[in-house]
Asks: 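Before I ask anything, let me first share the structure, which is written out below as structure tokens.
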2 protein chains.
Amino acid sequence: MNIEPTLCRVEDALSILVGKWKPIILLYLLKNGTQRFSELKRSIPGVTQKVLTKQLRELEEEDIIERVVHPQVPPKVEYSITEYGMSLQPILEAMHEWGTKHTLHKQQKMNKESI
Amino acid sequence: MNIEPTLCRVEDALSILVGKWKPIILLYLLKNGTQRFSELKRSIPGVTQKVLTKQLRELEEEDIIERVVHPQVPPKVEYSITEYGMSLQPILEAMHEWGTKHTLHKQQKMNKESI
DNA sequence: CAGTATCCTCTTCGATACTG
DNA sequence: CAGTATCGAAGAGGATACTG
């Protein structure tokens, strides 16, 4: 791994993943496949329509997800992971695995501090 | 990988890694070992003293790095990765590897758009 | 040397209301 | 249904000056 500023490419992946709901959006689409906007909204409690829209647009802009508009009334818009987006899965899995251990670490730390 | 909100632990790792200079700090310490504050500052062009201090404190708070103060004049403070912090390396490597491919993808996209 | 202290700007996110 | 538009709060990061 080369850390010279011009050769360190960690930021690219990080900037795509950063966003309060982006990991959840990606994990949800990875697991459940194509989803309508309203399905995502329902599946992600707490997110507002405005913010969900924005995060989806940003992921689309990066070619991580695809947005398909079905021209009908009422509107139907479907989102899915692109093949390129699927390449992020190892990173998400690495973070998920780490997070699981982190939970234990946090608990141990709290126990230690409460002695 | 479980994406149910209470079981999805992607956010834990992400929140630790997020910060304009944190990945660079970690990669630098991972590669070069223990470093003084001034060495880090010199190695990371663009960061201000205030922000570098803050990001180091946050990483320390998470037990990712260790801060050792040598009580002497002039002051000497050394930072190093903890064993726990080293566990983040696979994530950083996964992101770095992805970023390398991402560079190619971006170039291809730009070429495509400029046709 | 290794920080604090202020002041500032920019972005992110949320609440709420409106629309084709 | 799938968005926009507007307003507001909070935090990240930067410029600059000061200090034990």
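Convention: sequence-line order gives letters A, B, ...; per-chain numbering from 1.
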Asks: In this structure, how many angstroms lie between the P atom of dG14(C) and the CD1 atom of I44(A), rounded?
Replies: 12 Å
Asks: Could you please name the option among dC1(D), dG3(D), dG13(D) that lies closest to any side-chain atom of Q55(B)?
Replies: dG13(D)
Asks: What does K41(A) touch in the nucleic acid at a heavy-atom separation under 4.0 angstrom: a base, only the sugar-phosphate, or nothing?
Replies: nothing
Asks: Measure CD/E58(B) against P/dG11(D) and give the value in whole Å, please.
Replies: 12 Å
Asks: Classify the angle between the aromatic ring planes of F37(B) and Y79(B) as parallel (below 30°), tilted (30 to 60°) or perpendicular (above 60°).
Replies: tilted
Asks: Between dC13(C) atom P and I25(A) atom CD1, what is the distance in whole Å?
Replies: 10 Å
Asks: Nearest of dT4(D), dG14(D), dC1(C) to any side-chain atom of S38(B)?
Replies: dC1(C)
Asks: Pairing check on dG20(D): which nucleotide meets the Watson-Crick or G-U wobble criteria with it, both distances under 3.5 Å?
Replies: dC1(C)
Asks: Can you tell me how far P of dG13(D) sits from CD of E11(A), to the nearest Å?
Replies: 10 Å
Asks: Regarding Q72(B), tell me which of base, sugar-phosphate or nothing describes its non-hydrogen contacts under 4.0 Å with the strands shown.
Replies: nothing
Asks: Taking the side chain of W21(A) as heavy atoms from C-beta outward, which of dT4(D), dG13(D), dG14(C) is closest to it?
Replies: dG14(C)
Asks: Has T82(A) got a side-chain atom pairing as donor or acceptor with D63(A)'s backbone, closer than 3.5 angstrom?
Replies: yes
Asks: Return the value, rounded to whole Å, for the distance between atom CD of E78(B) and atom P of dA2(C).
Replies: 9 Å
Asks: Where the side chain of R67(A) is concerned, which of dG13(D), dG3(C), dA2(D) is the nearest nucleotide?
Replies: dA2(D)
Asks: Below 4.0 angstrom from OP1 or OP2 of dC1(D), is there any side-chain N or O of Y79(A)?
Replies: no
Asks: Touch check for K76(B), heavy atoms < 4.0 angstrom, all strands: base, sugar-phosphate only, or nothing?
Replies: sugar-phosphate
Asks: Do the side chains of R57(B) and E61(B) get close enough for a salt bridge, i.e. N-O under 4.0 angstrom?
Replies: no
Asks: Nearest to the side chain of R57(A), which nucleotide is it out of dA2(C), dG3(D), dG13(D)?
Replies: dG3(D)
Asks: Quickly work out the L52(A) CG to dA15(C) P distance and round it to whole Å.
Replies: 14 Å
Asks: Are OP1 or OP2 of dG14(C) and a side-chain N or O of K20(A) less than 4.0 angstrom apart?
Replies: yes
Asks: Contact class for R42(B) (heavy atom, under 4.0 Å): base, sugar-phosphate, or nothing?
Replies: nothing
Asks: What is the distance from CG of L56(B) to P of dA12(D), rounded to the nearest Å?
Replies: 15 Å
Asks: Side chain of R36(B): nearest nucleotide among dT6(C), dA2(C), dG3(C)?
Replies: dA2(C)
Asks: Choosing from dT4(D), dG20(C), dC7(C), which nucleotide comes nearest the side chain of P75(A)?
Replies: dG20(C)
Asks: Are any of K54(B)'s side-chain N or O atoms less than 4.0 Å away from OP1 or OP2 of dG13(D)?
Replies: no
Asks: Could you tell me which non-hydrogen atom of M95(B) sits nearest to which non-hydrogen atom of L14(A), and how far apart they are?
Replies: SD-CD1, 3.7 Å
Asks: So, are E78(A) and R67(A) salt-bridged, with charged N and O less than 4.0 Å apart?
Replies: no
Asks: Mind listing the closest non-hydrogen atom pair of S87(B) and W98(A) along with its distance?
Replies: OG-NE1, 2.7 Å
Asks: Kindly point out which of dT12(C), dA2(D), dT6(C) is positioned nearest to the side chain of K50(B)?
Replies: dT6(C)
Asks: Whole-Å distance between dC13(C) C1' and I24(A) CD1?
Replies: 17 Å
